[in-house]
Amino acid sequence: MARFEVVEKLGPDVKCRCTDPGLLLPRANLTFWRDGSVVRAKNAMLPTITSKDWLDIDFGIAEGVDFIAVSFVKSAEVINHLKSYIAARSRGSDIAVIAKIESIDSLTNLEEIIRASDGAMVARGDLGAQIPLEQVPSIQQKIVKLCRQLNKPVIVASQLLESMIEYPIPTRAEVADVSEAVHQRADALMLSGESAMGRYPDKALIVLSSVSLRIERWWREEKHHEPLELEDVSSSFSDKISEEICISAAKMANKLEVDAVFVYTKGGHMASLLSRCRPDCPIFAFTNSTSVRRRLNLQWGLIPFRLTFSDDMESNLNRTFSLLKARGMIKSGDLVIALSDMLQSIQVMNVP
């Protein structure tokens, strides 16, 4: 927001000349550059999670939040430490941890951080202050691609519609930026200042939604039956079976032009694998866990419902058919594919 040049050192202080005036807010984050590189200042050595953060985390655990996002993650160790803490304090609650990628330290250990996390956020505002601006687009694409390969949901955030903090219409460049994030296969887009302090939060959300839906529709029309080029992510034989079922289901959904895919999952893993494959139709996910249902909303294409499962798969199918028909989401005669991670099965059928 503003730029300064150090002209003199005065003991522990520095005297600066303002070279690019701008708004300097209290507690603003400062990044120091020398000869085109970021200076590793003492604040880079501060703990990622402060004592104040731990109090906030305790509050979040007590309130049953679904996600905790960690800012300025430097290594996977921070994520693993937080996960252990949550497990010890939450008494069985399954709170997911999101790594905010917004510093050079994050990029150095990117893959290990994403593997340890339950998802990642590309926080482009602070990240753009620590790396050259021209590198931000390629780094964003790298993070989104890596998250998809590792089956982790990824959020693209910061300055998507920055001008809508003040104006009711975004710039065309901002619309192009949103469309590129959708095109890169991000799971979610996040508004910050636009909805936190902007004058038009509702309009900003409408623009974000309408642009995203239009770009996805265009992509399906232009690149129908996109070939799947995904690396294996399963570590066990059972998970490998689920992964192959999802890949096959996505291919079948596109070739048969089915109207929907149903996935019945207890822990949400098969639903996330199916989301990763990006079929061209809606994905209705059914789980018996309220927390899993809420968390699945973050992943691309999933429309989750909570359902008390019975041992009879036909009964589960008929109940979900009735539920979605009553809501106008499907109709009799629609062709659907149904998957289950309890039975590790796949079926193709018409809605009765």
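In summary, the side chains of T50 and D53 do present a donor paired with an acceptor at a separation below 3.5 Å, with no hydrogens or angles considered. Between the side chains of S103 and K74, no donor-acceptor pair is found at a separation under 3.5 Å.
Salt-bridge formation is detected for the pair D118/K83: a Lys NZ or Arg NE/NH1/NH2 atom is positioned less than 4.0 Å from an Asp or Glu carboxylate oxygen. A salt bridge links D187 with R278: the distance from a Lys NZ or Arg NE/NH1/NH2 to an Asp or Glu carboxylate oxygen falls below 4.0 Å.
Checking side-chain atoms of R115 against main-chain N and O of A76 turns up no donor-acceptor pair under 3.5 Å. Side-chain atoms of N297 come within 3.5 Å of backbone atoms of R294 as a donor-acceptor pair (strictly under, hydrogens ignored). Judged by distance alone, the side chain of E5 and the main-chain N or O of T19 form no donor-acceptor pair under 3.5 Å. Side chain of S106 to main chain of V73: a donor-acceptor pair is present (N/O by atom type, distance under 3.5 Å, no hydrogens or angles). A donor-acceptor contact shorter than 3.5 Å links the side chain of E194 to the backbone of S192. With hydrogens and angles disregarded, a donor-acceptor distance shorter than 3.5 Å links the side chain of K152 to the backbone of S117. Put simply, the side chain of N254 gets close to the backbone of D280: a donor and an acceptor are under 3.5 Å apart. Side-chain N or O atoms of T287 include one that pairs as donor or acceptor with a backbone N or O of T265 at under 3.5 Å. Looking only at distances, no side-chain donor or acceptor of S209 sits under 3.5 Å from a matching main-chain atom of L205. Put simply, the side chain of D259 never gets that close to the backbone of V336: no donor and acceptor are under 3.5 Å apart.
No side-chain heavy atom of I49 sits less than 4.5 Å from a side-chain heavy atom of H81. Between D126 and K100 the shortest side-chain heavy-atom distance does not fall below 4.5 Å. Within the 4.5 Å cutoff, no side-chain heavy atoms of V144 are placed close to those of R148. In this structure, the side chains of D58 and R89 come closer than 4.5 Å at one or more pairs of heavy atoms. Contact check for L127 versus L107: side-chain heavy atoms found under the 4.5 Å cut-off. Side-chain contact between T308 and R319 is present, with heavy atoms from C-beta onward closer than 4.5 Å. Looking at L55 and S51, their side chains never come closer than 4.5 Å, going by heavy atoms from C-beta outward. K142 places a side-chain heavy atom less than 4.5 Å from the side chain of L110.
No continuous path of hydrophobic side-chain contacts links I155 to V122 [ILVMFWY only; heavy atoms under 4.5 Å]. At a threshold of 4.5 Å between side-chain heavy atoms, the hydrophobic network of Ile, Leu, Val, Met, Phe, Trp and Tyr places L343 and F286 in one connected group. Under a hydrophobic clustering in which Ile, Leu, Val, Met, Phe, Trp and Tyr are joined whenever their side-chain heavy atoms come within less than 4.5 Å, directly or via other members, I61 and F67 fall into different clusters. F305 and V292 fall into different hydrophobic clusters, where Ile, Leu, Val, Met, Phe, Trp and Tyr side chains are chained together by heavy-atom contacts under 4.5 Å. The cluster map of Ile, Leu, Val, Met, Phe, Trp and Tyr, joined by side-chain heavy atoms under 4.5 Å apart, puts I86 and I79 in the same cluster.
For residues 167-178, the set of pairs meeting the side chain to side chain donor-acceptor pair (under 3.5 Å) definition, not counting sequence neighbours, comprises R124-D177, S163-E174, T171-E174.
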Does the side-chain hydrogen bond (donor to acceptor under 3.5 Å, both in side chains) test come out yes or no for S291 and D66, once each step is laid out?
CA-CA 7 Å; S291 62; D66 296 297; 5.9 Å; no
Would you sort out whether S275 and S272 count as a side-chain hydrogen bond (donor to acceptor under 3.5 Å, both in side chains), showing the intermediate values?
CA-CA 5 Å; S275 168; S272 69; over 6 Å; no
Between T108 and D105, is the side-chain hydrogen bond (donor to acceptor under 3.5 Å, both in side chains) condition met? List the steps.
CA-CA 5 Å; T108 304; D105 301 294; 5.5 Å; no
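The aromatic rings of F321 and F262 sit tilted relative to each other, their planes meeting at an angle between 30° and 60°.
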